[in-house]
Amino acid sequence: MHERLFPRWGAALFALLPLSEILYLPVDGQTMYAAALAGLLCALLCAAGARIAPTLRGYRVPGWILALFTLWPLTRSLARMALFLQRTAFPSRPLWGLVLLLTVCSLLAASSGLNRCAMWALPVAWVAGGILLLSGILTLRDLQPTHWQPPGGTLAAQTRDILSTLLPAALTLSLALPARLSGAAARGLAAGSALLALISLRAVLLLGPHTAALLPYPNFSAAGLAAIGDFARHGEVFFAVPLLLCELGRTAALCCVLLLPMTSSYGVFHLWKKDA
């Protein structure tokens, strides 16, 4: 029986990609505009990529090229996730040990195939989105509208930087999808990018553009202001955990594409054979 990747699963999988950037994104007064614009451009490019993907089916060389290209966003994701954990929660742990642990977790998640990775992406995306909105609501009274800035001269450069971060993983996954999911990929990226823009705006309005620009993880630091009594004193922890799950979902999906030429058992390989 062939597995089927439903549009809502595909949309959730692509929504994880911008959500994964929230923990690491540098923030200043232009980031909100740059994130929204980069997300829109990325959504359009990935929708086009999903549409041309059927022309690559049946050829082994494009599959191997795509798998090798996957190594770039995959290793980058693992490295920055490990570095974030070392700088925040586990300063005494060696970086290589954290990278190894995250790699094993990603491969274990990928062993069930891309379809199941996308299926699990749906609740993860809802939980992460809910936590982000809750964090914004809890800090609403602390926002300083005077910190808002109109679009400026650095918007184009920031848009390019965010797009170069989003596009490799998003385009890789879009080229591994059937054409009928091109709309789902675009919707997921658009939704995730909208949250990315709103959270970066919240960080600016909470911290100020100059303070936010000096912090290594401004969105993470701003989440620490969302405290609910003694139970949720460290709001940044509740903020970071679902976003790390988003990153693990991203790396697991990339592992599926990386292993695609070497397996015929799971995920998109089934979809390609079914649609052929």
Exercise. When rounded to the nearest 0.5 angstrom, what is the spacing between CH2 in W148 and CE in M32?
Worked result: 7.5 Å
For this session: Kindly state whether the ring of F220 and the ring of F84 have centres lying under 6.0 angstrom apart.
Result: yes
For this session: Please round to the nearest 0.5 Å and tell me the distance separating atom CG of L205 and atom CD of Q144.
Result: 8.5 Å
Exercise. Any chain of hydrophobic side-chain contacts (each under 4.5 Å) joining L155 to L40?
Worked result: no
Problem set entry | Exercise: identify the closest heavy-atom pair between P242 and V124 | O-CG1, 4.3 Å
For this session: Heavy atoms only: give me the nearest A222-L207 pair and the separation to one decimal.
Result: CB-CD1, 4.0 Å
Exercise. Counting only N and O atoms by type, is there a donor-acceptor contact under 3.5 Å from the side chain of E247 to the main-chain atoms of M81?
Worked result: no
For this session: Rounded to the nearest 0.5 Å, what's the gap from CG on L122 to CG on L16? Could you check?
Result: 9.5 Å
For this session: Say whether R202 and S135, considering side chains only, have a donor N or O and an acceptor N or O under 3.5 Å apart.
Result: yes
Exercise. L189 and L171: same hydrophobic cluster, using ILVMFWY side-chain contacts below 4.5 Å?
Worked result: yes
Exercise. How about F69: does its CZ atom have over 12 heavy atoms from other parts shown lying under 6.0 Å from it?
Worked result: yes
Exercise. Does the side chain of C105 come within less than 4.5 Å of L108's, by heavy atoms?
Worked result: no
Problem set entry | Closest approach of A203 to V27 (non-hydrogen atoms, all atoms of both residues) | CB-CG1, 4.2 Å
Exercise. So do the side chains of L243 and N219 get within less than 4.5 Å of each other, counting heavy atoms only?
Worked result: no
For this session: Give a yes or no on whether L143 and L215 share a hydrophobic cluster (residues Ile, Leu, Val, Met, Phe, Trp, Tyr; joining criterion: side-chain heavy atoms under 4.5 Å apart).
Result: yes
For this session: Determine yes or no for a side-chain-to-main-chain donor-acceptor pair under 3.5 angstrom, with S193 supplying the side chain and A190 the backbone.
Result: no
Seminar exercise, completed: For G49 and L175, the nearest pair of non-hydrogen atoms, with its separation, is O-CD2, 3.4 Å
For this session: Let me see the working for L214 and H210 under side chain to side chain contact (heavy atoms under 4.5 Å, CB included), right down to the final yes or no.
Result: CA-CA 7 Å; L214 294 175; H210 301 297; 5.8 Å; no
Exercise. So, does Q30 use its side chain to make a donor-acceptor pair with the main chain of G152 at under 3.5 Å?
Worked result: yes
Exercise. Are L107 and T103 close enough that some pair of their side-chain heavy atoms sits under 4.5 Å apart?
Worked result: yes
Exercise. When rounded to the nearest 0.5 angstrom, what is the spacing between CG in L41 and CG in L167?
Worked result: 9.5 Å
Exercise. Do T31 and V204 have side-chain heavy atoms sitting under 4.5 Å apart?
Worked result: no
For this session: Output, in order, the C-alpha distance, side-chain angles, deciding distance and verdict of side chain to side chain contact (heavy atoms under 4.5 Å, CB included) for R80 and E21.
Result: CA-CA 10 Å; R80 68 180 185 173; E21 305 298 327; 2.7 Å; yes
Exercise. Does the side chain of L114 come within less than 4.5 Å of L13's, by heavy atoms?
Worked result: yes
Exercise. For the hydrophobic clusters of this structure (ILVMFWY residues joined by side-chain heavy atoms under 4.5 Å, transitively), does one cluster hold both I199 and L133?
Worked result: yes
For this session: Determine whether L17 and L173 make a side-chain contact, defined as any pair of heavy atoms from C-beta on separated by less than 4.5 Å.
Result: yes
Exercise. Are L258 and L66 in one and the same hydrophobic cluster, where Ile, Leu, Val, Met, Phe, Trp and Tyr link if side-chain heavy atoms are under 4.5 Å apart?
Worked result: yes
For this session: Kindly determine whether L138 and L134 satisfy side chain to side chain contact (heavy atoms under 4.5 Å, CB included), including the steps that lead there.
Result: CA-CA 6 Å; L138 293 175; L134 178 62; 4.0 Å; yes
Exercise. Can you tell me how far OG1 of T165 sits from OH of Y24, rounded to the nearest 0.5 angstrom?
Worked result: 12.0 Å
Problem set entry | Modelled atom types, side-chain donor and acceptor of Q149 and D28, under 3.5 Å | no
Exercise. Roughly how far, to the nearest 0.5 Å, is the CG atom of L100 from the CG atom of L78?
Worked result: 10.5 Å
Exercise. Quick one: does Y33's side chain get under 4.5 Å of Q158's, heavy atoms only?
Worked result: no
For this session: Using the side-chain hydrogen bond (donor to acceptor under 3.5 Å, both in side chains) rule, pick out the option among S20, S106, S77 that qualifies with R250.
Result: S77
Problem set entry | Test item: L132 and F239 side chains (from C-beta on) under 4.5 Å apart, heavy atoms | yes
For this session: Return the minimal non-hydrogen interatomic distance between A128 and C246, and the atom names on each side.
Result: CB-SG, 3.6 Å
For this session: Grab the two heavy atoms, one from A197 and one from S200, that are nearest each other, plus how far apart they are.
Result: O-OG, 2.7 Å
